[in-house]
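This report concerns only the one structure given below.
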Amino acid sequence: TTAGKIILAGRSYQASGVSSFTTAQFMPNGVLDASFGIGGIISTNVGVASSSGESVRLQSNGKIVVSGNANGGTNYSDFSIVRYTSDGNLDFGFGFGGRIISSIGNSYSLNNGIAIDATGKLVLVGYSYDGTKADIAVARYHGGDHLGTAELIAPNECSIAPNPFNVSTTIRWNQEVKDGELVLYT
């Protein structure tokens with residue numbers, strides 16, 4: 001954070017064995033920040049079963065976004081985002097109760113990371129599995145204080161070969177893209 005605090009995201013398990021998004025904030029000296037969440041930690045159930053945080057970013061307004069995976073009811077794993085206020089409370093002005101779950105693909109999808117683009121939109125990357133093969137999956141969300149609608153790259157509009165990426169990768173759109181920009185996050 002701008003104050004030198006450290007934010008970590010991951011998962012914690014309840015006694016029932018179900019996991020939740022878990023975020024912790026530490027002071028610069030490594031001690032849990034008691035002003036964040038409950039004693040420095042907040043756990044959030046996302047979806048209908050287990051969920052886990054995978055990546056965390058701090059927005060320019062000080063809000064904390066954690067991306068990960070959750071069971072949204074259709075697939076056992078879907079792209080998910082949780083947003084917190086700077087003091088570790090769910091931001092109820094974001095998504096549905098501070099949470100967004102996006103089903104991408106036919107079978108399941110796994111989120112591996114989040115970035116914030118130059119316009120403040122959230123970009124999630126990972127892969128989706130259709131039952132026979134995995135494909136790269138990218139979703140961009142509005143990062144403001146409104147429903148985080150996904151702007152998905154439709155599977156039939158874009159092809160990537162080889163997938164996953166390697167040293168030489170081709171990205172091909174099936175239709176003309178005007179005034180487009182391709183930004184790769186590493």
Side-chain angles (χ1 to χ4, degrees), residues 6-25 36-38 40-59 63-85 88-117 120-144 146-155 158 160 163-165 183-186:
I6 302 160
I7 303 170
L8 299 177
R11 72 178 131 200
S12 62
Y13 288 90
Q14 302 166 11
S16 65
V18 173
S19 63
S20 301
F21 273 56
T22 302
T23 305
Q25 182 166 285
F36 181 84
I38 300 173
I41 299 171
I42 184 167
S43 290
T44 304
N45 294 324
V46 182
V48 298
S50 286
S51 58
S52 69
E54 301 294 332
S55 186
V56 62
R57 292 289 180 266
L58 185 64
Q59 292 182 297
K63 294 185 179 181
I64 301 160
V65 287
V66 179
S67 71
N69 303 294
N71 182 324
T74 305
N75 302 316
Y76 83 87
S77 179
D78 294 312
F79 278 26
S80 305
I81 308 172
V82 175
R83 188 164 79 175
Y84 302 103
T85 60
N89 291 303
L90 272 173
D91 179 2
F92 290 103
F94 179 79
F96 296 101
R99 305 165 182 91
I100 295 173
I101 300 174
S102 298
S103 179
I104 299 174
N106 299 344
S107 181
Y108 66 86
S109 54
L110 290 171
N111 169 252
N112 297 113
I114 187 172
I116 300 173
D117 73 12
K121 291 183 179 177
L122 308 175
V123 180
L124 274 64
V125 296
Y127 69 91
S128 67
Y129 184 73
D130 68 2
T132 59
K133 63 180 176 46
D135 289 312
I136 190 168
V138 179
R140 187 169 72 167
Y141 301 79
H142 300 289
H146 57 281
L147 180 63
T149 306
E151 300 170 4
L152 300 176
I153 296 175
C158 177
I160 300 172
N163 190 356
F165 287 130
V183 179
L184 298 177
Y185 296 92
T186 60

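Excluded from the calculations below are hydrogen atoms, water molecules and symmetry mates; all remaining heavy atoms, backbone and side chain alike, are included.
Closest approach of Ser80 to Leu124, counting heavy atoms only: O-CD2, 4.0 Å. When all heavy atoms of Ile81 and Val65 are compared, the pair lying nearest together is CG2-CB, 4.5 Å. Residues Gly88 and Ile42 share a closest heavy-atom pair of O-CD1, 2.8 Å. Listed here is the closest heavy atom pair of Val56 and Ala9: CB-CB, 3.9 Å. Contact record, Asn112 with Tyr127: OD1-CD2, 3.9 Å, taken as the closest heavy-atom pair. Taking every heavy atom of both residues into account, Asn69 and Phe21 meet most closely at O-CE1, 3.7 Å.
A donor-acceptor distance shorter than 3.5 angstrom exists from the side chain of Arg57 to the backbone of Ile114, with no hydrogens or angles considered. With hydrogens and angles disregarded, no donor-acceptor distance shorter than 3.5 Å links the side chain of Ser55 to the backbone of Gly113. Formation of a donor-acceptor pair under 3.5 Å by the Ser77 side chain with backbone atoms of Ala70 is not found in this model. Under the 3.5 Å distance criterion, the side-chain polar atoms of Ser19 are left unmatched by any main-chain donor or acceptor of Tyr13.
For the pair Leu110/Tyr129, no side-chain contact is recorded, criterion being any heavy-atom separation below 4.5 Å from C-beta on. Side-chain contact between Asn89 and Tyr84 is absent, with no heavy-atom pair separated by less than 4.5 Å. Val125 is not listed as a side-chain neighbour of Ile136, based on a closest heavy-atom distance of 4.5 Å or more. Proximity of Lys133 to Asp135: side-chain heavy atoms (C-beta onward) are separated by under 4.5 Å at one or more points.
With values rounded to the nearest 0.5 angstrom, Phe94 atom CZ is found 5.5 Å from Leu122 atom CG. Here Lys63 contributes atom NZ and Thr85 contributes atom OG1; the two are 7.5 Å apart, rounded to the nearest 0.5 Å. Note that CG of Asp78 is 8.0 Å distant from OG of Ser102, once rounded to the nearest 0.5 Å. Between atom CG of residue Leu90 and atom OG1 of residue Thr44 there is a gap of 4.5 Å, rounded to the nearest 0.5 Å. The line from CG of Leu58 to CD1 of Ile116 is 7.0 Å long, rounded to the nearest 0.5 Å. Put simply, OH on Tyr108 and CZ on Phe79 are 12.0 Å apart, with the number rounded to the nearest 0.5 Å.
Under the side-chain hydrogen bond (donor to acceptor under 3.5 Å, both in side chains) criterion, Asn111 pairs with Ser67, sequence neighbours left out. The side-chain hydrogen bond (donor to acceptor under 3.5 Å, both in side chains) search around Ser43 returns Ser12, Thr22, not counting sequence neighbours. Evaluation of the side-chain hydrogen bond (donor to acceptor under 3.5 Å, both in side chains) rule for Asn45 yields Gln14, Ser20 as partners, not counting sequence neighbours.
Of the N and O atoms on the side chains of Ser52 and Glu54, at least one donor lies less than 3.5 Å from an acceptor on the other residue.
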